[in-house]
Each structure stands twice: as C-alpha cells, then as structure tokens.
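Because the structure is predicted, anything quoted here is derived from the model rather than measured. Both backbone and side-chain heavy atoms feed into the values below; hydrogens, waters and symmetry mates do not. In what follows, chains carry the letters A, B, and so on, assigned in the order in which the sequence lines appear, proteins first and then strands, with residues in each chain numbered from 1.
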Amino acid sequence: MAMQTKTIKHKMQSVQNIGKITKAMEMISVSKMKKSIEKRGASHIFAQRSFELLENLHIHKQLTHPYLESRKGTKVLMLIIASNKGLCGGYNMNVSKQVTRFVQDNPKLVVDAIVVGKQSEKIAKRNQLQVVASFTEFSDYFTAGEVRSLLHAITERYSQDESYKEVVIAYTNFVSSLSFEAQVTPMIPLQVDKAQKLLGMEGVSDKRKFAQYTFEPNEQEVLDSVVPSVLMTVLYQFLLESLASEHSARVMAMRNASDNAGELLEDLRLNYNRARQAAITQEIAEIVGGSSAMS
Amino acid sequence: MSEKKQLHVIITTPLRTVYDSQVDQITVTTSEGEITVLPDHIPLVVPLKVGQAMVKKEGREIYHAIDGGILEVRHNNQVVILSDRSENASDIDVARAEAALKRAQILIEEKHHEEDVDYARVERDIAKELNRVKIAEKGQRK
C-alpha cells in the first residue's frame with residue numbers, strides 16, 4: 001500500500017512539472033502572439049498604399065507585366081507556410097489538409113513545392129510533392145532581406161519555366177486570436193482585388209477618376225519596380241498572417257495542455273488521498289487485530 | 001497670409017510608418033536625379049534610389065534616409081513614399097550604421113579574391129550605410 005501512494009505521488013510530481021512547463025510556454029506564446037499581431041498591423045498601411053498605387057495605375061491605363069497575366073501550363077508552384085516547431089495544436093495539420101485538398105482537386109496539375117518551416121517539409125513529403133526549395137531558417141523576426149530571397153526563389157522559377165501555370169500559397173489566415181483558417185490562395189498572377197480581400201483591406205480605395213499619372217523614366221520601368229514591390233508586400237503579409245496564427249494556435253494548445261494537467265492533478269490527488277486513507281485504515285485494522293489476538 | 005497649400009507626406013515601410021505629416025515641400029533622390037515636389041504637383045510615379053528625403057516644414061528641414069523605393073504623388077496633394085527601409089535622421093544610430101559600414105568594407109577587402117561574396121549586394125549595403133551616416137550627420141548639423 002505504501003508503494004501505491006508513492007507511485008501516485010511520483011506521478012503527481014511529473015504532471016505538475018509538465019503543467020508548469022506548458023504554462024510557461026503559454027506565457028511565451030502570448031507575448032510572441034502579441035508582437036506578431038502588432039507587426040501584422042504595422043505593415044498594413046504599407047500594404048494598403050502599395051495596393052492603392054497598383055490599382056491607380058490600373059485605372060488610368062491597362063498596363064501589362066509578366067506577373068499580372070495568366071498563363072497556360074501544366075505545373076503549379078506551391079508555397080507552403082507552416083511552423084518550424086510543433087506543439088501548436090492543429091495548425092500544421094490544417095495547412096496539410098488544405099494542401100491535400102488542392103492536390104486532389106487538381107489531379108491534372110503537377111505541383112512543385114517551396115516550403116517555409118520544417119513542418120511544411122513534412123507536409124510536402126506527406127502529399128508527395130517535389131520540394132524545389134526549402135526555407136527552414138526563418139525565425140520569428142524574419143527580415144525584409146529574407147523575404148526578398150524567398151520571393152526571388154519563387155519568381156525566378158516562375159519566370160524561367162514557362163510550364164508553370166501559377167504560384168499559389170498555402171498559409172493560415174489570421175482572423176482573430178481565437179480563430180484562423182488555413183487556405184490555398186493564388187499569388188502569381190497577381191490579382192489586386194483578391195489579395196486585398198484576403199488581407200482584409202477591401203473597400204478603401206474609392207473609384208473616383210484619377211488624374212493621368214506621369215511616369216518617370218517611363219511606364220514600363222515604373223511598373224517593373226512597382227509589381228515586385230507589391231508581390232513582396234503580399235508575401236510579407238502572408239508570412240505575418242501565418243506567424244500570428246501559429247502563435248495563437250500555440251497559445252491555445254498550451255492553454256488546453258495546462259488545463260488538462262490541472263484536471264489530471266486533481267484526479268491523482270483524489271486517488272492519492274484514497275490510497276493514503278486505505279493504508280491508514282488497514283494499519284489500524286492490523287493493530288487492532290494484533291492487540292485483540294494478544295489479549 | 002491666406003491658408004497655404006500643403007503636401008500630405010507619408011513615408012511608410014513594411015515595418016512601420018516612418019513619417020506622416022503636412023509639409024511645405026519634399027525633396028527626394030529619384031532614379032532620374034533629385035527632384036523637389038511642391039503643392040499642386042501633377043500626379044507622378046517614380047522609383048527612388050538609395051538617398052534622402054528632405055521635407056521642409058515651417059522653415060525647418062527634416063531629413064530621412066531612404067533605402068530605395070517608390071514615390072507616388074497623387075492628385076490631391078498627397079505624397080506617398082513606399083520604401084523597404086527608412087529612418088528619420090534623429091533616429092539613426094550612427095555608431096551602428098558606421099559599424100555596419102565598416103563590416104561591409106572589410107568583407108569587400110578581405111574576400112577580394114574569393115568568388116562567393118556577392119559583390120553587388122555588399123556594395124549596395126555599403127551605399128545604404130554610407131547614406132545613413134551622411135543623413136544622420138546632416139540631421140545633427142542643424
């Protein structure tokens with residue numbers, strides 16, 4: 001009997017320790033979540049202005065650029081954004097499900113993957129996609145330079161290989177700190193109104209007549225620098241959406257884990273007390289039995 | 001004096017909005033050379049080089065370092081600068097900019113015979129840091 005109380009005590013100790021760890025992880029994720037949400041908000045203005053600029057250019061004249069036109073092809077380049085670390089509930093699994101769904105919905109297309117995060121490598125493998133580039137060193141504080149190298153990897157492949165029909169992104173859209181949804185969305189060819197809608201920026205630009213713009217040195221050169229900058233913005237925003245979702249998912253997962261640890265601890269404590277009581281009762285019974293045998 | 005027309009200048013980067021205010025004029029380094037934008041300028045879109053954006057407001061000159069980007073002048077006296085990175089002269093950490101500059105220069109010197117250094121990139125970095133130091137000094141002078 002003494003043995004049983006000891007093992008229960010032991011279990012309680014380990015559950016308590018795990019609870020402490022998950023609690024700490026929850027706290028860390030809360031602060032990271034706050035930061036990433038802040039960041040997401042900070043770049044909103046920039047993104048909005050970039051979209052407006054591109055839209056203004058569109059209104060005044062139908063301009064053409066390789067990244068704005070749709071192409072025919074048999075291949076799709078898919079950018080998968082997931083986390084580097086696990087322990088974030090269904091976050092990665094939801095992205096994976098969307099990827100699977102996309103592959104099943106488009107059986108005729110060959111899907112090549114560019115992955116961001118160690119977990120998305122696994123997602124690509126699970127869906128039997130060929131990984132053409134892997135970015136697993138992105139930290140929580142990725143820089144503009146890192147995003148640019150990612151964009152470069154994407155655009156280079158896309159512009160060199162004519163058989164790519166489009167570039168799509170599998171990412172997690174951040175709705176609020178309690179809800180986020182994984183989705184697959186087109187990136188190139190760039191559709192301004194769609195991208196705006198996805199990032200919750202629609203309805204800002206009014207459709208008034210814009211005066212004719214002057215371009216220096218010329219229209220094509222301006223467009224050549226505007227379009228990549230908008231793509232960059234879109235990509236940056238998508239990465240931030242995913243990051244904010246990841247941390248929120250982790251907060252939720254860790255909170256659940258902490259709650260479960262608490263419940264488990266309560267159950268164990270009850271069991272422990274019962275076992276202790278049983279041991280005492282038995283000991284008394286033995287003493288009483290012993291003394292009555294002596295007298 | 002009657003109500004003077006002013007420009008609404010916004011300098012924004014992916015990380016934050018650096019500057020947002022009504023000003024009298026703005027001078028920027030474009031790919032075609034330095035231009036000054038005054039109120040009632042025609043709508044204009046032009047790429048920016050690594051350089052400065054100087055705004056004049058109530059007789060004061062305020063400097064910003066710009067790591068390239070795009071300038072958009074809208075018809076309603078709005079000026080938007082979209083830049084990858086920009087700082088107000090007073091926010092620039094001169095010591096850090098100088099350290100970064102030195103690092104890049106050393107990289108160029110040391111690896112002179114090695115092929116794996118991306119010269120174009122390092123040189124661009126040098127230009128950016130030089131620009132930053134220059135503008136920080138300008139900001140301090142006044």
**Message:** Check this for me: B/K49, atom NZ, are more than 12 non-hydrogen atoms of other residues, nucleotides or ligands nearer than 6.0 Å?
**Reply:** no

Nearest heavy-atom approach of A/S43 to B/P14 is CB-O, 2.8 Å

Per side chain to side chain contact (heavy atoms under 4.5 Å, CB included), A/F46 is matched among B/T17, B/L82, B/L15, B/I10 by B/L82

Using a strict threshold of under 4.0 Å (side-chain N to carboxylate O), is an ion pair present between A/E52 and B/R74?
yes

Ranked by heavy-atom pairs below 4.5 Å to chain A, first place among B/V45, B/V46, B/T12 goes to B/V45

Sorted by chain and residue number, the salt bridge (charged side-chain N to carboxylate O under 4.0 Å, His left out) partners of B/D125 (sequence neighbours excluded) come out as none

Counting only heavy atoms not in A/R71 (residues, nucleotides, ligands), do more than 12 fall under 6.0 Å from its CZ?
yes

So, the part of B/V80 with a heavy atom under 4.5 Å from chain A: the answer is side chain

Separation between CG (B/D84) and CZ (A/R148), nearest 0.5 Å, reads 4.5 Å

Cut-off 4.5 Å, heavy atoms of chain A, and the answer for B/S83 is backbone

Residue from A/V147, A/D224, A/V226, A/L240 scoring the most non-hydrogen pairs under 4.5 Å with chain B is A/V226

Turns out that what part of A/S229 lies under 4.5 Å from chain B's heavy atoms comes down to side chain

